[in-house]
**Student:** 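Please see the structure below; I have some questions.
The structure displayed is predicted, hence computed values, not measured ones. Each ligand, and each atom within it, is numbered from 1 in the order the structure gives.
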Amino acid sequence: MPDAHILGIESSCDETGAAVVRSGEKILSNVVFSQIATHQPYGGVVPELASREHLRAIVPVVRQALKDAGLTYRSLDALAVTQGPGLAGALLVGISYAKALAFALEKPLIAVNHLEGHIHAVLLEERQKGNHEVNFPVLALVVSGGHTHLYLAEQKSEGWSYRNIGHTRDDAAGEAFDKVAKLLGLGYPGGPIIDRLSTHGDASSVKFVTAQIKHQDRKDRHDAEGRPRFDFSYSGIKTAVLRYVETHNLKASTEQRRRTLSAITKPTLDDYLAACDLETLNLVASFQRAVVEDLIEKTLAAARTYDAATLFVTGGVAANNELRQRFESDAAQDGLPVFFPSRPLSTDNAAMIAAAAYPKWLSRDFAALDFSAEASLPLQKL
Ligand code: KG4
Ligand code: ZN
């Protein structure tokens, strides 16, 4: 297959990314400018601020990606950019810049679905390690701050195709991590800190009942063609954590923690631990355990039902240590190989966008210059 150097651009949420990837299998550069510091005081991503920060960062980030790759703009074969899903204003910054650059350089432009990018992050790294063998069908759990999706993925001659067999009915799993961290005064983003604190608490101390993490709409467990679906729901568990704080008189200590931690520019693990009593650590560990178990239970049930040959777990929450360990051990019991991206490639980045663009480059699937951002862009069906 011919080689291609593709410049990927990602700006769907709060990370401005640019990367050069050769032929979907070799990362030549991968630059990510994170806006976490900008959004931290608000406890979540503020869309207007995200667009403004992308505008500021996009030119230097792209320049750095070219420089790190040791390439000139002219030597690129194509550009790729995230079309959606994501924040419309944030997406538009990347798309407008990519269009202008592609036009000026007279290079083809490829529109990529962000979720497809997360799936290709796994493939990219496996190929980079020399593993070109993936058995189909692949079941991909894409689990991040904005998404909790299960896709059956297959490589067909004309490219990749995906069928959604499950999604969250309300909050995404990463969103639950972020909201629980916020309500416990732990700051933003919640996933990484809850991940680290959980090992210091007793995960069996707070029992979340099944109804809190099962969507209410129990009848609708099949799609229109009668095929089983495996949907998720994480807003109930967030409310259960809030109730626990209220009924166990943890409000005052939570406020104290919020004040203490927000006065520290970059809190260390010791700062977090000093600000947390054992009851809070137990609550955090129990919350994480409940979410991890639910993700694993549904994903493995879906894998059995659909006879998946391989499992991918990707997206920001795939960086979670307990999730990785449990998936590895539980999938192994089912004889199912499971692959994760490395932690830097689990969260948003542009290398995954450039990698997902390669099969489209091979099939000349280029974007028309009038394409635009699509905040709720679905992945195509099988
Ligand atoms: O993929 P990503 O960078 O952006 C979206 O597409 O949403 O994912 C960010 C999400 C945030 O909700 C963050 O809290 C979560 O991933 N996250 C984690 C961990 N690292 C990031 N959740 C649990 N454990 C982690 N170690
Ligand atoms: Zn993402």
Side-chain angles (χ1 to χ4, degrees), residues 8-17 30 32-36 39-40 43-45 47 50 54 82-87 90-91 94 112-122 140-149 151 167-168 171-184 186-199 203 232 234 237-238 269 272 284-285 287-296 312-327 340-353 355-356 375-377 379:
I9 295 177
E10 154 66 34
S11 69
S12 66
C13 190
D14 61 344
E15 258 106 25
T16 318
N30 187 21
V32 179
F33 172 76
S34 170
Q35 305 176 3
I36 284 178
H39 301 288
Q40 225 148 23
V45 179
H54 284 305
T82 307
Q83 182 180 12
L87 301 168
L91 288 162
V112 175
N113 185 303
H114 181 80
L115 301 168
E116 184 171 21
H118 276 301
I119 294 170
H120 281 259
V122 183
L141 170 66
V142 184
V143 61
S144 71
H147 313 281
T148 308
H149 286 288
Y151 287 101
H167 67 175
T168 181
D171 291 352
E175 194 178 350
F177 272 91
D178 295 337
K179 286 179 173 171
V180 163
K182 187 176 179 184
L183 75 89
L184 291 175
L186 292 168
Y188 175 83
I193 186 59
I194 288 181
D195 189 355
R196 290 160 80 204
L197 290 179
S198 286
T199 54
F232 305 88
Y234 295 111
I237 193 163
K238 167 202 69 193
L269 180 59
Y272 283 108
V284 162
F287 159 78
Q288 178 173 290
R289 174 69 50 86
V291 173
V292 164
E293 284 191 340
D294 186 66
L295 285 167
I296 287 175
F312 286 4
V313 183
T314 183
V317 182
N320 186 273
N321 286 297
E322 186 174 358
L323 186 81
R324 284 180 178 239
Q325 284 156 13
R326 287 290 307 276
F327 256 120
F340 304 89
S342 64
R343 282 177 180 74
L345 253 68
S346 295
T347 47
D348 288 350
N349 66 86
M352 67 186 197
I353 302 303
S376 312
L377 185 68
L379 255 185

**Student:** Can you check whether Phe177 has an N/O within less than 3.5 Å of an N/O in ligand 1?
**Tutor:** no

**Student:** Write out the residue and atom name of the closest protein heavy atom to atom 6 (O) of ligand 1, then the distance separating them to 0.1 Å.
**Tutor:** Asp348 OD1, 3.2 Å

**Student:** Report yes or no: does His118 have an N/O/S atom closer than 2.8 Å to the Zn ion (ligand 2)?
**Tutor:**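 Checking the Zn ion (ligand 2) against His118, an N, O or S atom does fall under 2.8 Å.
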
**Student:** Can Pro192 be said to touch ligand 1, with heavy atoms closer than 4.0 Å?
**Tutor:** yes

**Student:** Before accepting this row, confirm whether a basic side-chain N of the pair Lys238/Glu175 lies closer than 4.0 Å to the acidic partner's carboxylate O.
**Tutor:**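 Glu175 and Lys238: not salt-bridged.
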
**Student:** So, does Arg196 sit close enough to ligand 1 that a heavy atom of it is under 4.0 Å from the ligand?
**Tutor:**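 Arg196: no contact with ligand 1 (<4.0 Å).
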
**Student:** Counting each atom of ligand 1 from 1 as listed, which ones have a heavy atom of Gly174 under 4.0 Å away?
**Tutor:**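 Taking each heavy atom of Gly174 in turn, ligand 1 has 12 (O) under 4.0 Å.
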
**Student:** Could you tell me the separation between the NE2 atom of His54 and the OG atom of Ser12, rounded to the nearest 0.5 Å?
**Tutor:**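 Here the rounded value is 7.0 Å.
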
**Student:** Counting from 1, what ligand 1 atoms have a heavy atom of His114 closer than 4.0 Å?
**Tutor:** 6 (O)

**Student:** The Zn ion (ligand 2) is nearest to which N, O or S atom of Asp348?
**Tutor:** OD1

**Student:** Is it the case that ligand 1 has an N or O less than 3.5 angstrom from some N or O of Gly315?
**Tutor:**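 Such a contact does not occur with ligand 1.
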
**Student:** Regarding ligand 1, does Pro189 bring an N or O atom to under 3.5 Å of one of the ligand's N or O atoms?
**Tutor:**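 For ligand 1, there is no N or O atom that lies under 3.5 Å from one belonging to Pro189.
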
**Student:** Can a non-hydrogen atom of Arg343 be found less than 4.0 Å from any atom of ligand 1?
**Tutor:** no

**Student:** If you measure every N or O of Thr347 against every N or O of ligand 1, does any of those distances drop under 3.5 Å?
**Tutor:** no

**Student:** Judged by atom type as modelled, is there a donor-acceptor pair below 3.5 Å linking the side chain of Asp195 to the main-chain atoms of Gly191?
**Tutor:** no

**Student:** Tell me yes or no: between the side chains of Arg326 and Asn320, is some donor less than 3.5 Å from an acceptor?
**Tutor:**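 Distance-only check fails for Arg326 and Asn320.
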
**Student:** Report yes if Ser144 has an N/O atom closer than 3.5 Å to an N/O atom of ligand 1; otherwise report no.
**Tutor:** yes

**Student:** Using the ring centroid of each side chain, check whether Phe177 and Tyr234 are separated by less than 6.0 Å.
**Tutor:**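 Centroid distance Phe177-Tyr234: not below 6.0 Å, so no.
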
**Student:** Test your reading of the model: is there a side-chain donor-acceptor pair from Gln83 to the backbone of Val112, 3.5 Å cut-off?
**Tutor:**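 No; judged by distance alone, with no hydrogens or angles, the pair does not exist.
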
**Student:** In ligand 1, which numbered atoms sit nearer than 4.0 Å to a non-hydrogen atom of His118?
**Tutor:**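 Answer, ordered by atom number: 1 (O), 6 (O).
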
**Student:** Starting from atom 10 (C) of ligand 1, find the nearest protein heavy-atom neighbour and note its residue, name and distance.
**Tutor:** Gly145 N, 3.3 Å

**Student:** Tell me which protein heavy atom sits closest to atom 14 (O) of ligand 1, plus the residue, atom name and distance to 0.1 Å.
**Tutor:** Asp178 OD1, 2.7 Å

**Student:** Please list the nearest protein heavy atom to atom 8 (O) of ligand 1 with its residue and the distance rounded to 0.1 Å.
**Tutor:** Gly316 CA, 3.3 Å

**Student:** With atoms numbered from 1 as shown, which atoms in ligand 1 lie under 4.0 angstrom from a non-hydrogen atom of Gly146?
**Tutor:**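 With Gly146 as reference, the close atoms of ligand 1 come out as 7 (O).
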
**Student:** Taking non-hydrogen atoms only, is Val317 closer than 4.0 angstrom to ligand 1 via side chain, backbone, both or neither?
**Tutor:**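 Looking at Val317 and ligand 1, atoms from backbone and side chain both fall under 4.0 Å.
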
**Student:** Please report which non-hydrogen protein atom sits nearest to atom 24 (N) of ligand 1, along with the residue it belongs to and the distance in Å to one decimal place.
**Tutor:** Asn320 ND2, 3.0 Å

